[in-house]
K.L.:
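Here it is, the structure in full.
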Amino acid sequence: GRARAGVFEDPARGAELRARVKGDREVLAGVEGLARATRESLLGGPKTLADVDLPCECHEVLDKGSSAVLDEIEALAHRVASSILRGEGFGFDVPSRTNQNQLYVPELDRIVLKDSRSLRKFGNRSEVRKVVIMTRIMELVHQLCARDITATKRDLFYSDVKLFRKQDESDHALEDVTCMLGCTRCSLHVVASEKGLVVGRVRYREAGDEIDCTKMGIGGKAIPSNVAKCVGFESDAKFILLVEKDAAFQRLSEDRFYNRFPCIIVTGKGQPDVATRQFLRKMREELQIPVLGLVDSDPYGLKILSVYMSGSKNMSFDSSNLTTPDIKWLGVRPSDLDRFHLPAQCRLEMTEKDIQMGKKLLEEDFIKSNPRWCEELELMLQTKEKAEISIARRQPSRVVFSVKEPTSSSLPAKAMAWTRKSIVPHLSSSCLKQASIEASSVTSALIMKGSPRLSTSGRTRRSSASSW
């Protein structure tokens, strides 16, 4: 109730927040410390499976050229034809991508695929359809590689709708083919539609064109499906800000947040696609700057952050190309709700589905490896409260505006009197000042190493350097 109503109920809390908030220089000094640690961790290049002593064999894919992919498909077709001529029928030896065949490697901080396989036989009634779809996918991929052209997953689906029926089926078969041939999906000349966005202080070349992400408007630059065409990254940014949702990205971009805190802002618009994950990893390796993650304070936000960091089980065979290790969890953390006195109207009750997801995450090895993440997740399940990073956008107290008392010419006398009596007292300068402090401390923040605290100058204003 009133205990959680925030700084609006207790002005003393506003003074507390003001004392806690750090200045811009102090924030950037802390980020520079993270940058030094990032550069040190990248000395000698990223670790690979060859650098780790594993208890079992693991399966990873590699980037291959068109000719290598064509050779793989043609060799497989030759083996299939020989098997049929011997009267043995045919099938595909496909790496298993079940949960039991996944392995989390703490030294690499990512999920990898163990080398367990299953044989899919054309003569098996329960598997014949999958075998046919995989065969058709390889035929289409062979055509793409032979002609050296690229298609989207959607194009692939529409090339034989009657066979595939649903795009999920063609997508799943494509991943099986990718894993079986031992190459990345881009090597097959198949990409997904553009989804992610980037804006801020970075320049690079894309297929020969110069791209300056400070001159892409407030909507940002779409991350291309084929990240391999992005080369020559240049930047004076101190960090990369990874944002879960498009709404928060648009607000930060509109406020030119990257001018106040030199940074690059990236979003995958929720669950990230392959291209966004590849782009983030490539920028971090080439620019050698830290990545700070801003996600919702709920189990799904933490799940999305873990996909960027440790990879997904569905694509674990390609985790070496898709994961960005050591992302710092900027917020919103469950402990932030009370630390920054978030009002009750900004908090949501967790659903049963949220709670189940939270408990499931606590059982994952990549969560157990980080004690602080476990603490935050346990606190979330204990309070059964969640919050979204867009709370500052929705709350009227956080929208920057000027409060002026209406004049008699603009409102009838009765309406004017009611406004004086009912509204203006609640929008006093003291209240607005405290609201501004709270908005700044919660939304325009940067984390210190090992601490989720946020930092701004304590003011919000509409300008190119305004806080979110």
Side-chain angles (χ1 to χ4, degrees), residues 42 45-46 60-70 72-73 140-157 159 171 174-175 177-178 181-217 219-237 240 242 246 249 253 258 264-269 271-289 291 307-308 311 315 317-324:
L42 292 174
E60 280 195 322
V61 299
L62 303 171
D63 279 316
K64 296 182 179 181
S66 297
S67 59
V69 174
L70 289 171
E72 290 281 355
I73 295 176
L140 294 170
V141 167
H142 189 277
Q143 295 172 7
L144 292 174
C145 293
R147 297 169 60 187
D148 196 24
I149 57 176
T150 301
T152 65
K153 293 195 296 182
R154 194 68 174 169
D155 293 333
L156 220 61
F157 166 68
S159 65
D171 288 352
L174 176 65
E175 290 167 1
V177 168
T178 300
L181 297 179
C183 60
T184 62
R185 195 178 68 193
C186 286
S187 300
L188 304 183
H189 288 230
V190 180
V191 298
S193 300
E194 294 178 349
K195 181 184 178 187
L197 297 170
V198 59
V199 73
R201 302 166 82 108
V202 63
R203 295 187 299 272
Y204 60 92
R205 294 188 304 278
E206 181 184 330
D209 296 328
E210 294 288 339
I211 305 296
D212 186 345
C213 291
T214 62
K215 300 177 180 178
M216 292 294 161
K221 166 72 172 66
I223 295 174
S225 301
N226 193 347
V227 177
K229 294 182 178 180
C230 300
V231 296
F233 285 87
E234 298 177 356
S235 175
D236 64 349
I240 300 170
L242 176 63
D246 183 46
F249 174 91
S253 177
Y258 49 82
I264 305 164
I265 308 174
V266 175
T267 183
K269 298 182 181 179
Q271 191 69 31
D273 60 331
V274 168
T276 303
R277 292 159 65 185
Q278 286 179 323
F279 190 82
L280 180 67
R281 178 183 176 88
K282 192 168 188 176
M283 277 203 304
R284 178 182 179 270
E285 288 185 349
E286 293 200 16
L287 301 177
Q288 297 190 354
I289 54 178
V291 181
V307 168
Y308 281 107
M315 297 284 289
F317 57 86
D318 197 16
S319 62
S320 61
N321 298 308
L322 300 180
T323 55
T324 304

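We count residues from 1, following the sequence as given.
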K.L.:
Can you see which heavy atom on V231 is nearest to which on Y204, and at what distance?
P.N.:
O-CB, 3.5 Å
K.L.:
Go through R277 and Y308 one step at a time and tell me if the side chain to side chain contact (heavy atoms under 4.5 Å, CB included) criterion holds.
P.N.:
CA-CA 6 Å; R277 292 159 65 185; Y308 281 107; 4.1 Å; yes
K.L.:
Measure the shortest side-chain to side-chain distance between F249 and V199 over non-hydrogen atoms and say whether it is less than 4.5 angstrom.
P.N.:
yes
K.L.:
Do the side chains of L322 and M315 get nearer than 4.5 Å, heavy atoms only?
P.N.:
yes
K.L.:
Go through I149 and Q143 one step at a time and tell me if the side chain to side chain contact (heavy atoms under 4.5 Å, CB included) criterion holds.
P.N.:
CA-CA 9 Å; I149 57 176; Q143 295 172 7; over 6 Å; no
K.L.:
Donor-acceptor check, side chain of T150 to backbone of V190, threshold 3.5 angstrom: yes or no?
P.N.:
no
K.L.:
So do I289 and I240 actually touch side chain to side chain, heavy atoms under 4.5 Å?
P.N.:
yes
K.L.:
To the closest 0.5 Å, what do you measure between NZ (K269) and OG1 (T276)?
P.N.:
9.0 Å
K.L.:
E194: what forms a salt bridge (Lys or Arg N to Asp or Glu O under 4.0 Å) with it, not counting sequence neighbours?
P.N.:
none
K.L.:
At what distance, to the nearest 0.5 angstrom, does CZ of F317 lie from OG1 of T178?
P.N.:
5.5 Å
K.L.:
Please identify each residue that fulfils salt bridge (Lys or Arg N to Asp or Glu O under 4.0 Å) with R154, with sequence neighbours left out.
P.N.:
none
K.L.:
To the nearest 0.5 Å, what is the distance between CG (N226) and CD (Q278)?
P.N.:
8.0 Å
K.L.:
Does K195 reach the main-chain N or O of Q271 with its side chain, forming a donor-acceptor pair under 3.5 Å?
P.N.:
yes
K.L.:
Return the set of residues passing side chain to side chain contact (heavy atoms under 4.5 Å, CB included) with A192 (not counting sequence neighbours), or none when no residue passes.
P.N.:
K153, R185
K.L.:
Apply side chain to side chain donor-acceptor pair (under 3.5 Å) to T184 and list each qualifying residue two or more places apart in sequence or on a separate chain.
P.N.:
D63, S187
K.L.:
Going from OG1 on T267 to CG on D246, what distance comes out if it is rounded to the nearest 0.5 angstrom?
P.N.:
6.0 Å
K.L.:
Any donor and acceptor pair, going by atom type alone, linking the side chain of T323 with main-chain N or O of S319 inside 3.5 Å?
P.N.:
yes
K.L.:
Hey, what do you get for CZ (R201) to CG (D236), rounding to the nearest 0.5 Å?
P.N.:
4.0 Å
K.L.:
Which residues pass the side chain to side chain contact (heavy atoms under 4.5 Å, CB included) test with D148, not counting sequence neighbours?
P.N.:
S66, H189
K.L.:
Can you tell me how far the CE atom of M283 sits from the CZ atom of R281, to the nearest 0.5 Å?
P.N.:
13.5 Å
K.L.:
Quick check: closest heavy atoms across A275 and S225, and the distance to 0.1 Å?
P.N.:
CB-O, 3.8 Å
K.L.:
Between F279 and V227, is the side chain to side chain contact (heavy atoms under 4.5 Å, CB included) condition met? List the steps.
P.N.:
CA-CA 6 Å; F279 190 82; V227 177; 4.2 Å; yes
K.L.:
Using a 4.5 Å cut-off on heavy atoms from C-beta on, say whether the side chain of F233 contacts that of K282.
P.N.:
yes
K.L.:
Hey, does C183 have a side-chain heavy atom less than 4.5 Å from the side chain of L188?
P.N.:
yes
K.L.:
For L144 and L156, which heavy atoms make the closest approach, and how far apart are they?
P.N.:
CD1-CD1, 4.3 Å
K.L.:
Taking the side chain as every heavy atom from C-beta outward, state whether C213 and I264 have any atom pair closer than 4.5 Å.
P.N.:
no
K.L.:
Cut-off 3.5 Å, no hydrogens considered: what does the side-chain donor-acceptor table look like for residues 205-212, sequence neighbours left out?
P.N.:
{"residue": "E206", "atom": "OE1", "partner": "K221", "partner atom": "NZ", "Å": "2.9"}
{"residue": "D212", "atom": "OD1", "partner": "T214", "partner atom": "N", "Å": "3.0"}
{"residue": "D212", "atom": "OD1", "partner": "T214", "partner atom": "OG1", "Å": "2.7"}
{"residue": "D212", "atom": "OD2", "partner": "T214", "partner atom": "OG1", "Å": "3.4"}

K.L.:
Contact between L197 and I223 at the side-chain level, heavy atoms closer than 4.5 Å - yes or no?
P.N.:
no
K.L.:
Within a strict 4.5 Å, meaning less than it, do heavy atoms of the H142 and L70 side chains meet?
P.N.:
yes
